[in-house]
Amino acid sequence: MDRINVGVIGCGYWGPNLIRNFVEVPSSKVVAAADLREERLAHIKACYPQMTVTSDYRDFFAMQLDAAVVATPPPSHFSIAKDCLQHNMHVLVEKPLTLCTRDAEELIEIAKARGLTLMVGHTFEYNQAVQVLRKIIAGGELGQIYYVDAVRANLGLFQRDLNVLWDLAPHDISILLCILGRDPISVSAWGAAHILKGTQDIAYLQLTFPDDILAHVHISWLDPCKVRRITVVGSRKMAVYDDVEPLEKIRIYDKGVQAPPYTDTFGDFQCSYRYGDVVIPHIHFVEPLRLECQHFLECIASGQEPQSCGRVGLRVVKVLEMAERSLRNGGMQESIFVEEDYTHERVLA
Ligand SMILES: NC(=O)c1ccc[n+]([C@@H]2O[C@H](COP(=O)([O-])OP(=O)(O)OC[C@H]3O[C@@H](n4cnc5c(N)ncnc54)[C@H](O)[C@@H]3O)[C@@H](O)[C@H]2O)c1
């Protein structure tokens with residue numbers, strides 16, 4: 001296949017990162033960029049004078065483009081992605097794929113019927129630290145997984161028409177699905193809106209997975225410190241993945257606790273604690289967005305299903321939808337129905 005001609009829709013904060021990566025990958029050519037804001041188009045034109053810029057992405061349909069990348073705010077993902085698929089373009093949609101499962105299912109159906117690639121920008125699935133953590137868990141080094149604790153907090157960035165759940169939790173949910181290789185059975189969520197009326201800026205999610213694995217996710221736009229940390233505690237070892245760390249992103253702690261044998265007296269009650277070595281695995285780190293863009297192009301060329309395909313996007317949306325329902329119902333536990341035939345390890349072994 002010749003170079004894949006790409007058009008990027010949405011050139012705000014994230015879109016230019018996608019443009020840069022597709023420009024730098026030899027197998028693609030970014031032909032055009034669209035944004036409603038003239039100043040963003042002027043910025044893109046100044047950086048890439050050869051690129052066509054337009055305020056109406058539908059101009060792409062007359063340009064013989066192969067693929068569209070949708071980096072607009074999530075409320076417009078569905079309508080723009082659908083329009084592009086219906087004009088026979090392969091589509092990469094930023095996270096979350098859509099704001100409801102029905103819309104995600106419709107995109108999947110259209111892409112399938114037309115033989116097009118539909119992929120969602122779950123960037124952390126292309127983060128080598130996440131893949132190393134997934135392999136550590138799958139290889140049994142941590143033993144039986146007890147629980148996972150995830151924190152994604154910072155001051156901002158507040159979004160319009162979107163709460164913190166739909167903005168930040170897609171990252172942690174996609175990471176959890178990827179590293180645990182399975183979907184949650186249920187979710188409960190609590191949150192509060194402090195700055196913008198009706199828009200939750202902090203939320204706490206509790207997810208239950210098969211085999212009694214518990215996961216807790218804390219997401220916040222209202223925190224003094226930038227935290228991007230996932231702790232996985234198993235029966236043999238514990239691992240901490242800190243995405244803010246520039247180099248040593250994962251630490252595996254050979255630590256654990258064993259319950260005491262039966263004792264009659266309080267004096268004899270002694271848990272035994274193990275304090276062993278801390279191992280920092282070497283991670284060959286490549287910009288995750290670069291790998292994501294390359295993977296999208298490879299999938300278009302080969303016809304293989306992407307790691308973060310439409311169905312994976314749908315699964316994340318399903319969890320978010322149930323979490324949103326729980327958030328509105330004061331933290332009620334909501335069940336999550338998942339298909340059985342799914343495994344996350346198909347593509348990136
Ligand atoms: N994968 C990641 O790590 C990551 C990081 C940040 C943002 N994102 C995602 O990227 C998307 C964009 O986020 P952002 O922070 O760049 O938002 P943003 O508000 O900074 O930029 C969005 C841009 O889209 C433009 N836009 C809106 N409607 C449009 C339309 N119909 N046609 C053309 N342009 C339109 C806006 O003018 C704006 O410039 C979101 O889906 C977000 O979740 C992903």
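The figures that follow rest on heavy atoms only: side chains count, while hydrogens, waters and symmetry mates do not. One-based numbering, in listed order, for ligands and for the atoms of each. Please read all numbers here as calculations on a predicted model, not as lab measurements.
For atom 21 (O) of ligand 1, the closest non-hydrogen atom of the protein is G12 CA, 3.3 Å. Looking from atom 26 (N) of ligand 1 to the surrounding protein, the closest heavy atom is T72 CG2, 3.8 Å. Summary of contacts: the protein heavy atom closest to atom 30 (C) of ligand 1 is L36 CG, 3.6 Å. The protein heavy atom nearest to atom 12 (C) of ligand 1 is A71 O, 3.2 Å. For atom 23 (C) of ligand 1, the closest non-hydrogen atom of the protein is D35 OD2, 3.5 Å. Protein heavy atom closest to atom 13 (O) of ligand 1, with residue, atom name and distance, is W14 CB, 4.3 Å. The shortest contact between atom 20 (O) of ligand 1 and any protein heavy atom is with Y13 N, 2.9 Å. Scanning all protein heavy atoms for the shortest distance to atom 44 (C) of ligand 1 gives E94 OE1, 3.1 Å.
The shortest N or O to N or O distance between R40 and ligand 1 is not below 3.5 Å.
Distance remark: protein heavy atom present below 4.0 angstrom from atom 8 (N) of ligand 1.
For ligand 1, the atoms closer than 4.0 angstrom to any heavy atom of H77 are 41 (O). Near G121, meaning under 4.0 Å from one of its heavy atoms, ligand 1 places the atoms 1 (N). Atoms of ligand 1 lying under 4.0 Å from any heavy atom of I9, numbered from 1 in the order shown and given with element: 32 (N), 33 (C). Heavy-atom proximity to T123, at under 4.0 Å, picks out these atoms of ligand 1: 1 (N), 2 (C), 3 (O). Every atom of ligand 1 with a heavy atom of P73 under 4.0 Å away is listed here by number and element: 22 (C), 24 (O), 27 (C). For ligand 1, the atoms lying closer than 4.0 Å to a non-hydrogen atom of P74 are 40 (C), 41 (O). Applying the 4.0 Å criterion to heavy atoms of R37 picks out, from ligand 1, the atoms 37 (O), 38 (C), 39 (O).
Checked against salt bridge (Lys or Arg N to Asp or Glu O under 4.0 Å), D167 has the following partners two or more places apart in sequence or in another chain: K95.
Contacts between R160 and ligand 1 below 4.0 angstrom, taking non-hydrogen atoms only, are absent altogether. Here K95 has heavy atoms under 4.0 Å from ligand 1 in both its backbone and its side chain. At a 4.0 Å heavy-atom cut-off, ligand 1 does not touch L157 at all.
Counting all heavy atoms, side chain and backbone alike, E125 lies closest to S174 at OE2-CB, 4.1 Å. In plain terms, the two heavy atoms of D223 and C225 that are nearest each other are OD1-N, 3.0 Å.
Of the options L207, T208, I336, a side chain to side chain contact (heavy atoms under 4.5 Å, CB included) to S186 is made by T208 and by none of the others. Each of V312, L92, L97, I300 was scored for a side chain to side chain contact (heavy atoms under 4.5 Å, CB included) with M119, with one residue passing: L92. Across E287, E292, E94, a single residue satisfies side-chain hydrogen bond (donor to acceptor under 3.5 Å, both in side chains) together with T123, and that is E292.
Between D211 and R182 there is a salt bridge, since a side-chain N of the basic residue sits under 4.0 Å from a carboxylate O of the acidic one. Remark: E324 engages R328 in a salt bridge, criterion side-chain N to carboxylate O under 4.0 Å.
Using modelled atom types, one side-chain atom of S326 and one backbone atom of A189 make a donor-acceptor pair closer than 3.5 Å.
The aromatic rings of F158 and W221 lie tilted to each other, with the angle between the two planes from 30° to 60°. Between F124 and H171, the ring planes lie perpendicular to each other; the angle is over 60°, past the 30° to 60° tilted range.
A single hydrophobic cluster is seen to contain both I179 and F285, as judged by linkage of ILVMFWY side chains at heavy-atom distances under 4.5 Å, directly or through other members.
Rounding to the nearest 0.5 angstrom, the gap separating the OG atom in S308 from the CZ atom in R315 is 13.5 Å.
Ligand 1 is approached by H171 to a heavy-atom distance shorter than 4.0 Å. The closest approach between any non-hydrogen atom of I80 and ligand 1 is below 4.0 Å.
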